[in-house]
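In listed order, ligands and their atoms are each counted from 1. Along the sequence shown, residues are numbered consecutively beginning with 1.
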Amino acid sequence: MMRWTPYNFAQGGMGRWLQATGSLSARLAATGKVFSVQVLRQGRMPLTEDEAQALGVAGPRLGYVREVLLKVDGVSVVFARSVTAHAHSLGAWRSVRGLGTRPLANVLFTRSGITRQAMQYRQFGPHSALLRQVQQLCAGVPRGLSARRSVFMRQCAPLLVMEVFIAPQAAWRWPAAVWQITD
Ligand SMILES: C=C(O[C@@H]1C=C(C(=O)O)C=C[C@H]1O)C(=O)O
């Protein structure tokens, strides 16, 4: 099973979108008329072992989790899961708690003192738990999903942000993605 890698394995437009710098929300908003964020879950929840390791969380794998769908003109195009240690959600990353349907980018790319570590990439296969989770959320999800993740640091507190690109591969044209695919 493929793990997270620093190498962007994706080709073409998908590869360009996966490694795009700056705010993904801003780039997506530019591809349509209405950009929106649907909050799926947010609060104190279990972290995966992989997340706990990336955050340096030892002991009980409880953290603060935010899961959303990013939509353009009503089409779900990205599933995002952001996690941090519970204590950091009351400290350096407390602003995440009050986001509501505003994009996390509003915090990450507007405030000082936040740095982003190197991007990692991963392909989730048809039997992965994440693909099954996304399939329960959205219809027409491809059988393999490309994802990226990076750690944002603020006051020595890590926030791990994972973005899974759930629109069909053909939609991810660069720089102007197309969400209504006609055969
Ligand atoms: C980090 C960004 O914020 C986006 C919005 C998120 C949210 O609202 O939870 C999470 C991840 C991103 O896809 C971005 O736009 O680059």
Side-chain angles (χ1 to χ4, degrees), residues 4 8 10 13-48 50-51 54-55 63-86 88-90 92-124 130-131 133-134 137-138 141-142 145-155 157-167 171-172 174-177 179:
W4 292 101
N8 184 0
M14 175 65 86
R16 298 293 300 273
W17 274 94
L18 279 172
Q19 65 188 32
T21 56
S23 166
L24 180 61
S25 299
R27 290 183 186 276
L28 291 174
T31 66
K33 294 183 176 61
V34 179
F35 173 77
S36 60
V37 176
Q38 178 186 352
V39 179
L40 301 169
R41 295 193 294 175
Q42 185 160 333
R44 191 172 192 183
M45 283 172 233
L47 303 174
T48 66
D50 187 39
E51 291 169 337
L55 292 173
Y64 190 81
V65 177
R66 172 178 165 95
E67 290 184 350
V68 300
L69 285 173
L70 304 187
K71 300 185 175 186
V72 179
D73 301 337
V75 177
S76 298
V77 296
V78 169
F79 168 79
R81 176 178 164 98
S82 305
V83 298
T84 190
H86 178 67
H88 293 325
S89 76
L90 299 170
W93 293 112
R94 61 185 175 281
S95 55
V96 175
R97 286 176 173 265
L99 269 176
T101 57
R102 289 175 296 129
L104 178 59
N106 287 14
V107 171
L108 298 178
F109 297 102
T110 59
R111 301 195 180 187
S112 61
I114 295 176
T115 56
R116 186 176 201 169
Q117 295 178 0
M119 203 70 82
Q120 293 179 312
Y121 306 89
R122 179 172 176 178
Q123 184 77 6
F124 285 96
L130 180 114
L131 189 109
Q133 178 186 2
V134 174
L137 294 169
C138 307
V141 171
L145 292 176
S146 298
R148 69 182 197 174
R149 76 177 188 178
S150 58
V151 171
F152 290 82
M153 293 296 287
R154 181 171 191 264
Q155 298 167 5
L159 171 75
L160 177 65
V161 178
M162 174 181 73
E163 295 155 321
V164 186
F165 291 53
I166 62 176
W172 297 98
W174 180 267
W179 310 119

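Some N or O of S25 is nearer than 3.5 Å to an N or O of ligand 1, by distance alone. Among the atoms of L70, none of the N or O lies under 3.5 angstrom from an N or O of ligand 1. Residue R148 has no N or O atom closer than 3.5 Å to an N or O atom of ligand 1. In terms of polar-atom proximity, defined here as any N/O pair under 3.5 Å, A26 makes no such contact with ligand 1.
Closest protein heavy atom to atom 1 (C) of ligand 1: L108 CD1, 3.5 Å. For atom 9 (O) of ligand 1, the closest heavy atom belonging to the protein is R66 NE, 2.7 Å. Regarding atom 13 (O) of ligand 1, its nearest protein heavy-atom neighbour is E163 OE2, 2.8 Å. Scanning all protein heavy atoms for the shortest distance to atom 14 (C) of ligand 1 gives L24 N, 3.4 Å. Nearest to atom 10 (C) of ligand 1 among the protein's heavy atoms is A80 CB, 3.6 Å. Counting only heavy atoms of the protein, atom 3 (O) of ligand 1 lies nearest to A105 N, 3.2 Å.
Within the listing of ligand 1, atoms 8 (O) sit less than 4.0 angstrom from a heavy atom of P103. Atoms of ligand 1 lying under 4.0 Å from at least one heavy atom of V161, given by number and element, are 11 (C). Listed by number with element, the atoms of ligand 1 under 4.0 Å from a non-hydrogen atom of V68 are 7 (C), 9 (O).
Within the 6.0 Å centre-distance limit, the rings of F165 and W172 are counted as a close aromatic pair.
Rounding to the nearest 0.5 Å places NE2 of H86 at 11.5 Å from CG of L47. The CG atom of L40 lies 9.5 Å from the CZ atom of R66; values are rounded to the nearest 0.5 Å. Here the CD1-CZ distance, from I114 to F152, works out to 8.0 Å after rounding to the nearest 0.5 Å.
Of the possible donor and acceptor atoms, none in the side chain of R102 sits under 3.5 Å from a partner among the backbone N and O of V37. Side chain of R97 to backbone of S89: a donor-acceptor contact under 3.5 angstrom is found.
Residues V65 and P46 come closest through the heavy atom pair CG2-O, 4.2 Å. Contact record, A20 with R148: O-NH1, 2.9 Å, taken as the closest heavy-atom pair. The two atoms that bring Q42 and V96 nearest to each other are NE2-O, 3.0 Å, heavy atoms only.
Within the 4.0 Å heavy-atom shell around ligand 1 one finds F109.
Among L104, L28, L69, the residue whose heavy atom lies closest to atom 7 (C) of ligand 1 is L104.
Considering R122, E163, Q123 as possible partners of S146, the one that fulfils the side chain to side chain donor-acceptor pair (under 3.5 Å) test is Q123.
Under 4.0 Å from ligand 1, heavy atoms of S23 appear from its side chain as well as its backbone.
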